[in-house]
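Just so you know, these numbers come straight off a predicted model, no measurement behind them.
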Amino acid sequence: MDEVNPSSYNQGRPQYLDLVGQDSYSQWQQLAFVSYPSQHKQKPSTSQVTTSRKSLVTRLTKDIVETYQTCNPDFKYSEKLRLKRFLTTPSIGVQNDGYDNANSDLILTVNCALVNPTTQRRYVVKEMLGHGTFGQVAKCWVMETNSFVAVKVIKNQPAYYQQALVEVTILKTLNKKYDPEDKHHIVRIYDHFLHQRHLCIAFELLDTNLYELIKLNNFRGLSLSIVQLFSKQILRGLALLKDAGIIHCDLKPENILLCTSVKPAAIKIIDFGSACMEDQTVYSYIQSRYYRSPEVLLGYQYTTAIDMWSFGCIVAELFIGLPLFAGASEFDLLKRMVHLLGYTMSQCVFIILTHTLLDFVGSFSCIGNKYLW
């Protein structure tokens, strides 16, 4: 076997080692090629294995807390430190111990919970569906039923609270007594409760309304077959209201929602916040202007027939794409009615005005006789 020449060995060394000397070079060899003690590798935990199987996007978004805890077992997540995304405007609490804003609306944030104190059921707010003079409507997740619902949160004011109780009573009567099998296209009510002094009403979650449907069609109107389908369903709902002696008082395309969970597409009548019993007509300023009936317009006694007037206006709008009586004021609205319907409408207006005048004169005479005697 050939002997190794020390000079040839040195030729393989890096030249910079000549500057540090032979001793330093020997120490470098020992450190570079020292053998490490054998160690038994620990098996990864089940959580680590499960986490590693998930995609990187999932671990850094949905499961970010779990990812942090895997990296640092001492990491603790606190809900109180999370930034809130407000859904209510304005979002500054000035009433009801900071829970309400200046408009008496409950300040809602994403993932805040509306809790029924009786059943302890939690309605977790996910997004805002709409708002109005009555309050707000939020899309909420219910863990117990594994489903979404629409929750109407009423303003913290006595007048709105009392009217909302009337809405709850009317809907419960319609759902349980008159339409237990859900065949007459009336929205279903699931629950109602008080949360932070606000009455909350849980309804079934529906889709877009008929106005938005017309808008999506660029206000060109819908096909005749679709108009017929929706008209029949609305009439079934109005027939049920007639049997129950209930007046909706605010029937319009915005209050008729699509129910896409059934085939063919169906609609449901919502928002009974202005509804009343036929023998308990209290308010005179009702119905949206474009769908307001002549008797309401002229202050005459009204019945369930005013909903039929609104129905006729809605059917026409579904077909032509624009409101039938788009009056800028009540006088303009009445003028458009007379112009479109002609002599028959003029007679109707004259009769209503005559009855209204006679009622006024009669009441005035009674008051005068009372004081004369």
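For Ile247, the side-chain contact (heavy atoms from CB on, under 4.5 Å) test picks out Cys249, Cys276, Glu278, Thr281, Tyr302, Thr304, Ile306, Asp307, with sequence neighbours left out. In terms of the salt bridge (charged side-chain N to carboxylate O under 4.0 Å, His left out) criterion, Arg121 has no residue partners (sequence neighbours excluded). By the ring pair (Phe, Tyr, Trp, His ring centres under 6.0 Å) test, Phe319 is found to be paired with no residue, residues two or more places apart in sequence or in another chain being considered. Shown here are the ring pair (Phe, Tyr, Trp, His ring centres under 6.0 Å) partners of Tyr161, two or more places apart in sequence or in another chain: there are none. Every residue two or more places apart in sequence or in another chain that forms a ring pair (Phe, Tyr, Trp, His ring centres under 6.0 Å) with Tyr123 is listed here: Phe193.
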Is there a side-chain contact (heavy atoms from CB on, under 4.5 Å) between Ile267 and Leu257? Walk through the geometry before answering.
CA-CA 5 Å; Ile267 55 91; Leu257 270 58; over 6 Å; no

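Here the side chain of Thr88 pairs no donor or acceptor atom with the backbone of Thr109 at under 3.5 angstrom. Of the possible polar contacts, none joining the Asn209 side chain to the Ile256 backbone as a donor-acceptor pair under 3.5 Å is found. In this structure a side-chain-to-backbone donor-acceptor pair under 3.5 Å is missing from Asp271 to Asp250. Judged purely by atom type and a 3.5 angstrom limit, Asp100 has no side-chain atom pairing as donor or acceptor with the backbone of Gly93. The backbone N or O of Tyr290 sits nowhere less than 3.5 Å from a side-chain atom of Ser288 that would complete a donor-acceptor pair. The backbone N or O of Val153 sits nowhere less than 3.5 Å from a side-chain atom of His198 that would complete a donor-acceptor pair. In this structure, Arg197 contributes its side chain and Asn156 its backbone to no donor-acceptor pair below 3.5 Å. Within the 3.5 Å criterion, the main-chain N or O of Asp105 finds no donor-acceptor partner in the side chain of Asn103. Side-chain atoms of Arg289 come within 3.5 Å of backbone atoms of Gly327 as a donor-acceptor pair (strictly under, hydrogens ignored).
Among residue pairs with one or both ends in residues 201-226, those qualifying as salt bridge (Lys or Arg N to Asp or Glu O under 4.0 Å) are Glu204-Lys268; sequence neighbours excluded.
Heavy atoms of other residues, nucleotides or ligands lying less than 6.0 angstrom from CG of Leu322 number more than 12. Other residues, nucleotides and ligands contribute at most 12 non-hydrogen atoms within 6.0 Å of the NZ atom of Lys242. The 12-atom threshold is not exceeded at OH of Tyr283, counting heavy atoms of other residues, nucleotides or ligands nearer than 6.0 Å. By the 6.0 Å contact criterion, NE2 on His131 is open, its count of non-hydrogen atoms from other residues, nucleotides or ligands being 12 or less.
In this structure, Lys252 forms no cation-pi arrangement with Tyr291, as its terminal cationic atom is not both closer than 6.0 Å to the ring centre and no more than 45° off the ring axis.
One finds a salt bridge joining Arg336 and Asp332 here, because a Lys/Arg side-chain nitrogen approaches an Asp/Glu carboxylate oxygen to under 4.0 Å.
Here the side chains of Ile246 and Leu240 are not in contact, with every heavy-atom distance at 4.5 Å or above. Contact annotation: the side chain of Lys152 approaches that of Phe203 to within less than 4.5 Å [non-hydrogen atoms, C-beta and beyond].
For Tyr68 and Phe75, the ring centers are positioned less than 6.0 Å apart. Ring-centre distance between Tyr178 and His184: not below the 6.0 Å cut-off.
Thr58 and Ser55 are linked by a side-chain donor-acceptor pair at a separation below 3.5 angstrom, with hydrogens and angles left out of the test.
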